[in-house]
Each structure stands twice: as structure tokens, then as C-alpha cells.
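Throughout, a chain's letter reflects where its sequence line sits, starting with A, and its residues are numbered from 1. Note that this is a predicted model, so its numbers are computed, not measured.
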Amino acid sequence: MQYQRIKGTRDILPLEVYQWQYLENFLREYFKRNNYKEIRTPAFEVTELFARGIGDDTDVVSKEMYTFLDKGGNSLTLKPELTAPVMRAYIQNNLEQIAPLTKIYYIDALFRQERPQKGRLRQFHQFGFEILGTPYPEADAETIQTTYELYRELGLKDLQIRLNSIGSRTSRGQYLEILRKALMPFREDFCGTCQERLEKNVLRLFDCKVEFCQQIMTEHAPSILDHLSDEDRLHFKAVCHLLDVSGVPYTIDKTLVRGLDYYTRTTFEITSSLLGAQNAICGGGRYDHLIEDLGGKPTPGVGVASGIERLLLILEQTGGFPIPETNLIYIITLGESARVAGFRLVCELRRIKLNAQMDFLRRSIKAQLRDADREQANWVVILGDEELARKAVILKNMKDGRQTELALDTAAEQITAILQNQS
RNA sequence: GUGAGUGUAGCUCAGUUUGGCAGAGCGACAGGUUGUGGCCCUGUUGGCCGCGGGUUCAAGUCCCGUCACUCACCCCA
């Protein structure tokens, strides 16, 4: 048996890696343009960080983490999520001392031990960004607007933005009691998992796909939006207004509850019909207590995380990738001494920063040309013993097939001149 | 953790119903053109039919087991 990839991981092969590079280049340029600075954190952290940050009772922490003991007996975990590590770095490095407001982004690999399916992997990648230091709705609105605009620039269409407020911690606590009380009378009518949810995590009842459960919920579940504090309501209205003003389309979905414990007030999610059952391309929201929960000074924050594999899945279907340019100059040689001269020419071209390559398989001219074509070379240099004898090379344009003869000694300079002339 | 589907050439898949020589297209390689790519034509290469056991004169095909992958549930990006 050959060695195999670990379940839920993927090889990114040479022919598809340009898609990743295209996206990564775009993201770095986009974030630079929007004045976000990159942050990179280690691949693993102490397990405690995630238990505290994400919440012990969440699925991510309770059953999906890659956790192990190091030789010192410390419990460490491959990061299943990025906000908590970024907050740890923010606190540990006193970033709040540098400026009262911090805008940071990241592109990174994450690990969760789940059953893989479409758009879900055990090692997957996210990019995301965070705005730290402000409680005001402008930051919430910028987070959503910036994410939406990013997708729009990539050419994505038919995105649904779902927006909700789950209130501050106090008003949410009160609401959860009201919700539980309102649903208790129907306890027996719910499906098995929902009966458990009623005990452990009432908010999740909104997610159930069983029709009858949904019917009970629409008929009898009070909306969180009716139980927000005045401050929460004003904040939410302000976020909506700013989105209206900036032309970002959204729908308020009072059933949207994010699965991580740290969220307060604003939560949102953007979905695409081009994905499978896991149709969220990103999710995010406000977290006003996370930093203090992790031992920092009370600092409000808001942010978003977007799945890179899911984004690529969409771009693949919409033909969102530009064709990569090679600018390859392929040197074809025929004969022993021509091969040596050709090698020299390749080196010379590379020295002046041109993309040059020669055949290493000593193939026929036909095979070398076929290879040049496959490699999408724009130009081919043909150098056989015949040409060598008269100190010349043939330069062939692969687009129109025309050939000209150049002097071997000055071939590199002449090629440079031709390329410059052309563009 | 639960459920369903699929495993045959490098890739995409026929062949399984009704057991009887292991197939196609694409790709790769070569020839058609003494030293000229793509298009076309011809040929060549390429297989533990996922793995193990069973039934049978005979198994890719039927039976049992097992592994892997995919999709879905839970939950999330």
C-alpha cells in the first residue's frame, strides 16, 4: 500500500497552485489598499487558549481539536480558529500601546478533526481581519462592507448577507431565559437533538432542519431582536443604516446564531448557492469581551473569517481565474555542440532576468517544439549544429510561427530588444 | 459519531442487470514531415478491476468481510 494523504487534507498540485497564488496576491494587495496590516501566529497554542476563547461547550472545542501533549506534559492544540490566537498575540505584545485602534488581517491554515465533506476539510485555510479598540458601529459596518467589496472585486455574484444582533451579554442572558421558557411547553414535540439543545444550547434550536421543529420555532420562539437593550438596538440600527448608506445589500435573519461563544451584538454570515450544504463563505461579528476574557484590558473588537477553499470552489465555477502568463523562451538544441551553446544562452538570458529553459531529454526537434507549446512558450530559439556553424540562432514566434535569424553572439540583447519592442 | 453512494489505465468513465479473452475517450510517447508546435490521421505505451476470503469448470461481475474516497447529518469557513 502506498502512503496516502491524511483524511481531510489536500495536495495543491503544480497545475492548480496558481489559483492559490492569484488569490493570495489579490488579498495582500486588497488589504494593503484598505490599510490592514498582516499578522502571523504560530501553528499551535496552549489548549487552554481555545477552551477559554471559543468556549468549552462549543463543538469546535469539545470534539474537533487536534490536541496533544508535548514532552514537558503541556497540552497543546493545532489552531482550529484564528481570532483567539490573534487576540493572544495582541495582548502579549501590547499592541494597544502602539495605537488605540488596530486593523489586522491574516491568511493561515487551520485544523479541525471533523468528517470531511464538500467545502469542509481537516486542514483548511482562512483569511480574515479584525478591528480592535472600538465599540462603535462604523467598525461593524466596515467589516461587512470590506468583506463584501472584496468578494465583489473577485467577481462573485449571488451572495446573500445575513445579519443579526445577538445582543450584549446581559441582554442575551435574559433573552435565553425567555426563549427557554417559551419553548418548554413544546419540549416533547421537538426532535431528539432539539430536546438536547433545549437543555444545553437553546440558540441552536434555530438551526434545526426538521420541518416540525422549525414550525414550532416560527410560531412560538420570541425574536432576540425584540429583547435587545436600548443600547443594543441603537447599535444594530446604526450598523444597518451604515450598510444602507454604503449600498451593501443584506437581509436581517433573526435566526442567525454563530457557533462560537465570544460573539456579542452584531453577527453576520455570507452564503453562496454555489457551495454545497456548507454554504457559508464567511462568518463574523463583534466580540466585546473576548480580549478581557483572555486576560487583556477590556477592548472591544469585530472581525470576520472567510474560508479560502470555499472561495476557490466558487471561483472555479465562475471562471474567476485569469490565465497565467509564462513569458517562457524555450531553447531548442540539436546536436552535441549546439547543446552546450544552448545551455550557455539559457544562462545568459536568465542573467538578464528572462524566463528561459532548454530541453533536458535530448529529444527530436518535433518533440521539443511540442513541449515548448505545452509549456506555453511565447518564443522558441532553435540552435542546431547548422546554426552554430554560421554563428546564428533562429528565433521563432510561437503565436504566428514566423522565424528570424539572429547572430549567436548578440542573441540575448536582440531578444531583449524584440521583447521590449513588442510591449 | 450516524446514514447513503462510489472504488476498473496517469485522468474521466463504460463493462456488473443475465458470470465466459480487460474496454473507450482524453493524456503521455512515436510516426505521417531527412530539422519545425497546435489541427488531422495512424500506431504504441499504460491494469493486483481498492484489499482479503468464499461460491463456481470459470468472478471486474455473485456472497461475506474489510479499507479508502465522496456526499449528507451534527457543526462550522
Using heavy atoms and a sub-4.0 Å distance, could you list which residues of [range] are near RNA chain B? By number, please.
range: residues 374-384 of chain A; answer: R374(A), I382(A)
range: residues 317-335 of chain A; answer: L334(A)
range: residues 19-43 of chain A; answer: none

Are V257(A) and T267(A) close enough that some pair of their side-chain heavy atoms sits under 4.5 Å apart? no

Is the closest side-chain heavy-atom distance between E81(A) and R112(A) below 4.5 Å? yes

Would you mind telling me which of [options] lies closest to the side-chain atoms of [X]?
X: A305(A); options: A77(B), C75(B), U2(B); value: A77(B)
X: E387(A); options: C69(B), G35(B), C75(B); value: G35(B)
X: I394(A); options: U36(B), A77(B), C73(B); value: U36(B)
X: Q126(A); options: A77(B), A72(B), U36(B); value: A77(B)
X: A367(A); options: A77(B), A30(B), A72(B); value: A30(B)

Below 30° counts as parallel, above 60° as perpendicular, anything between as tilted: where do the rings of F68(A) and F44(A) land? parallel

F31(A) vs Y105(A) aromatic rings, parallel, tilted or perpendicular, using cut-offs 30° and 60°? parallel

Only one of V380(A), L354(A), N378(A), V346(A) passes side chain to side chain contact (heavy atoms under 4.5 Å, CB included) with I329(A); say which it is. L354(A)

Stepwise, does the side chain to side chain contact (heavy atoms under 4.5 Å, CB included) test hold for L334(A) with E386(A)? CA-CA 9 Å; L334(A) 297 159; E386(A) 286 175 24; over 6 Å; no

In whole angstrom, what separates [X]'s [atom1] from [N]'s [atom2]?
X: Q368(A); N: U33(B); atom1: CD; atom2: P; answer: 20 Å
X: L361(A); N: A30(B); atom1: CG; atom2: P; answer: 9 Å
X: F50(A); N: C75(B); atom1: CZ; atom2: P; answer: 22 Å
X: L313(A); N: U70(B); atom1: CG; atom2: C1'; answer: 13 Å
X: M65(A); N: G1(B); atom1: CE; atom2: C1'; answer: 18 Å

What contact category does [X] fall into here, base, sugar-phosphate, or nothing, at under 4.0 angstrom with non-hydrogen atoms?
X: E114(A); value: base
X: E309(A); value: nothing
X: R363(A); value: sugar-phosphate
X: R204(A); value: sugar-phosphate

On RNA chain B, check which nucleotide each of V257(A) and R115(A) is closest to and give me the residue with the more 5' one. R115(A)

Would you mind telling me which of T143(A), N164(A), D140(A), D232(A) makes a side chain to side chain donor-acceptor pair (under 3.5 Å) with T266(A)? D140(A)

When you compare [N] with [M], how far apart are their [atom1] atoms, in angstrom units rounded to a whole number?
N: A59(B); M: C49(B); atom1: P; answer: 13 Å
N: C64(B); M: C26(B); atom1: C1'; answer: 37 Å
N: U12(B); M: C73(B); atom1: P; answer: 25 Å
N: U34(B); M: G38(B); atom1: P; answer: 15 Å
N: G37(B); M: U16(B); atom1: C1'; answer: 43 Å

Is there, by distance only and without an angle test, a donor paired with an acceptor across the side chain of [X] and the base of [N] below 3.5 Å?
X: E64(A); N: C75(B); answer: no
X: Q403(A); N: U36(B); answer: yes
X: R112(A); N: C75(B); answer: no

Write down the partner of [N] under the Watson-Crick or G-U wobble criteria, each distance required to be under 3.5 Å.
N: A24(B); value: U12(B)
N: U17(B); value: none
N: C69(B); value: G5(B)
N: C40(B); value: G32(B)
N: A58(B); value: none
N: G47(B); value: none

Can a side chain N or O of [X] be found less than 4.0 Å away from OP1 or OP2 on [N]?
X: K63(A); N: G1(B); result: no
X: Q117(A); N: C73(B); result: yes
X: Q4(A); N: C69(B); result: no

Between H125(A) and E24(A), does a side chain to side chain contact (heavy atoms under 4.5 Å, CB included) hold up when you go through it step by step? CA-CA 11 Å; H125(A) 299 77; E24(A) 287 164 11; over 6 Å; no

Check: Q126(A)/Y106(A) side-chain N/O donor and acceptor closer than 3.5 Å: no

Please list, chain by chain and in numerical order, all residues satisfying salt bridge (charged side-chain N to carboxylate O under 4.0 Å, His left out) with D261(A), sequence neighbours excluded. none

Counting primed atoms plus P, OP1 and OP2 as sugar-phosphate and everything else as base, spell out the protein contacts along nucleotides 38-47 of chain B at 4.0 Å heavy-atom distance: B, S or - for each nucleotide, 5' to 3'. B---------

Closest heavy-atom pair and its distance - N35(A), K103(A): O-CE, 3.7 Å

Is K32(A) salt-bridged to E29(A), going by a charged N under 4.0 Å from an acidic O? no

Lys/Arg N to Asp/Glu carboxylate O, E309(A) vs R10(A), below 4.0 Å: no

Please test T326(A) against E375(A) for side chain to side chain donor-acceptor pair (under 3.5 Å), starting from the C-alpha separation and ending with a verdict. CA-CA 8 Å; T326(A) 62; E375(A) 297 280 343; over 6 Å; no

For A389(A), the side-chain contact (heavy atoms from CB on, under 4.5 Å) test, sequence neighbours excluded, returns none

Start with the C-alpha distance between Y175(A) and D226(A), add both sets of side-chain angles, then the distance that settles side chain to side chain contact (heavy atoms under 4.5 Å, CB included), and finish with yes or no. CA-CA 9 Å; Y175(A) 167 70; D226(A) 298 329; over 6 Å; no

If you apply the rule side chain to side chain contact (heavy atoms under 4.5 Å, CB included), what do you find for I382(A) with Q403(A), and how did you get there? CA-CA 10 Å; I382(A) 299 172; Q403(A) 314 189 153; 4.2 Å; yes

